[in-house]
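Worksheet: the structure to be examined is printed underneath.
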Amino acid sequence: MTTHKTVLVTGGAGYIGSHTTRHLLAAGYDVVVVDNLYSGHRWAVAPQAQFIEADVGDRARIDALFKEHNISAVVHFAGHIVVPESVSDPFKYYRNNSLASFNLIHSAYQAGVSRFIFSSTAAVYGIPHSVPVKESDDTSPINPYGRSKLITEWLLRDLAHADQLNKKQSPFRYVALRYFNVAGAALDGTLGQATPEATHLIKVACEAACGLRDQVAIFGTDYATVDGTCIRDYIHVEDLAAAHVAALDYLYDDGEAVILNCGYGRGYSVREVLNTVQQVSNSDFSIIESDRRPGDPPELMADNTRIQEVLGWHPQHDDLVVICDSAFKWEKTLRQRSKAAGSDLV
Ligand SMILES: NC(=O)c1ccc[n+]([C@@H]2O[C@H](COP(=O)([O-])OP(=O)(O)OC[C@H]3O[C@@H](n4cnc5c(N)ncnc54)[C@H](O)[C@@H]3O)[C@@H](O)[C@H]2O)c1
């Protein structure tokens, strides 16, 4: 790629955004990070990136930012991500994931930025009819989180379609990446997930292994799966970050608008995951069996044929031990750093 393409990364102080920022910088992109630090951390942003503390829904601020910086693409991670919270407080999710995204997309569009990458989610599928799930399968999200993301996908789709119809020069194009379960940490041990009150299974299990939680609950042990617990498709955050760089290169190469699943196409049960965390951490934290949670599909796995074909992306870290080991090592580092700093870094 040629140098000095400036990319706006929203939510770049968060888990996936901070890893992707590093990958973008390594690939030669200039990065401007915008984050309101709601759940992200200033220290997680690579020093080579420019950091601006702002809310993506702040239209005046974002308009000005597009004027001040020579931005030619947006990678939009900023959002709220806790499914149960979205059920109890839908306004919060529609405001941040739909409305703030609308403002950002409108601002980018008016500034003439025609490349957009969006963090979507497997939650848009709801309870799939069959697995692995294809991008062309029905979307029928079963919670406000999934719906708030799908609305943003629809806006992107309609915008790209309108520009095609109107034969606009430099038409708006996007890549919506539907992530499955993101996990793991940078393999050099220097970055990982520090989301406060995270609900992700591997993160929670690593916290238990570090003595920060008394126990980890399995929600449902009577599913029609190999060991009765739910099966999910875990993707290493480094592979996901690489997918964003590939998606950006694709848009700079005039690739068309596309929706892509991000997963490995195979799943692990909750029990397998917990056993693996216990094994890599050499810990025997307590595991309790709870009732099923409403709306949890028994099995969720990505058909990742399309991302491999369209982006030429191939997993490099498709190994549950590598995922859990990197997550656990990071969790230990985070605790040591917090101790040294005399405060909780999360
Ligand atoms: N972690 C997963 O497994 C997963 C799965 C599917 C989709 N996603 C999506 O990926 C994206 C990133 O998730 P993450 O796990 O890195 O979460 P995260 O909470 O670590 O990161 C989100 C970042 O966005 C920032 N932010 C939130 N609202 C903002 C706003 N209005 N303006 C500016 N900054 C704002 C937060 O401060 C944080 O730094 C989210 O959009 C999420 O929905 C994540």
Side-chain angles (χ1 to χ4, degrees), residues 8-22 32-45 49 51-59 61-62 65 74-83 85-86 92-105 107 117-125 141 143-153 176-186 191-204 232-237 239-241 243-244 259-263 273 300 302 323 327 330 334 345-346:
L8 177 67
V9 175
T10 76
Y15 172 41
I16 307 166
S18 59
H19 287 79
T20 302
T21 294
R22 281 187 172 189
V32 177
V33 166
V34 168
D35 199 299
N36 64 3
L37 301 181
Y38 171 82
S39 56
H41 307 278
R42 179 68 187 86
W43 54 256
V45 180
F51 178 74
I52 297 167
E53 186 173 340
D55 192 294
V56 293
D58 182 343
R59 191 59 207 267
R61 210 51 215 284
I62 301 298
L65 198 146
V74 176
V75 186
H76 178 36
F77 294 100
H80 292 326
I81 67 162
V82 183
V83 172
E85 188 187 48
S86 79
K92 181 171 178 175
Y93 279 70
Y94 286 106
R95 190 188 301 115
N96 206 31
N97 294 354
S98 310
L99 187 56
S101 294
F102 171 91
N103 282 337
L104 172 74
I105 294 163
S107 188
I117 296 178
F118 175 55
S119 297
S120 190
T121 165
V124 298
Y125 294 114
N143 49 56
Y145 170 69
R147 284 190 279 270
S148 70
K149 287 283 185 175
L150 187 57
I151 287 172
T152 302
E153 273 199 20
L177 297 174
R178 290 180 177 163
Y179 314 159
F180 283 63
N181 288 55
V182 189
L191 192 61
Q193 187 173 16
T195 322
E197 291 164 40
T199 51
H200 307 84
L201 179 66
I202 293 178
K203 171 81 176 159
V204 165
R232 294 289 179 272
D233 185 338
Y234 296 88
I235 175 169
H236 197 292
V237 68
D239 273 336
L240 185 60
H244 287 77
I259 295 173
L260 303 171
N261 282 342
C262 294
V273 168
L300 198 51
I323 291 175
W330 166 251
L334 195 57
L345 288 179
V346 298

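In listed order, ligands and their atoms are each counted from 1. Note that this is a predicted model, so its numbers are computed, not measured.
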_My understanding is that we take every heavy atom of each candidate and find the minimum distance to atom 43 (O) of ligand 1. Doing that for Tyr93, Phe180, Tyr145, Tyr179, which one comes out nearest?_
Tyr145

*How does Lys149 reach ligand 1, by side chain, by backbone, by both or by neither, if only non-hydrogen atoms under 4.0 Å count?*
side chain

*Check each heavy atom of Ser39 against ligand 1 and say whether those closer than 4.0 Å belong to the side chain, the backbone, both or neither.*
both

*Ser119, Gly79, Cys262: member with heavy atom nearest to atom 27 (C) of ligand 1*: Gly79

*At what distance is the nearest protein heavy atom to atom 31 (N) of ligand 1, and which residue and atom is it?*
Asn96 OD1, 2.7 Å

*For ligand 1, which atoms have a heavy atom of Thr121 less than 4.0 angstrom away?*
6 (C), 7 (C)

*Judged by non-hydrogen atoms, does Ala122 sit under 4.0 Å from ligand 1?*
no

*Have a look at ligand 1 and work out which part of Asn36, if any, has a heavy atom under 4.0 Å from it: side chain, backbone, both or neither.*
both

*Report the part of Leu37 (side chain from C-beta onward, or backbone N, CA, C, O) that has a heavy atom under 4.0 Å from ligand 1; answer both or neither where that applies.*
backbone

*What about Ala100: any of its N or O atoms under 3.5 Å from an N or O on ligand 1?*
no

*I would like to know whether Thr10 and Leu104 meet side-chain contact (heavy atoms from CB on, under 4.5 Å); could you show each step before the answer?*
CA-CA 9 Å; Thr10 76; Leu104 172 74; 3.8 Å; yes

*Can you tell me the protein heavy atom closest to atom 11 (C) of ligand 1 and the distance?*
Phe77 O, 3.2 Å

*Quick one: does Ala13 get within less than 4.0 Å of ligand 1, heavy atoms only?*
yes

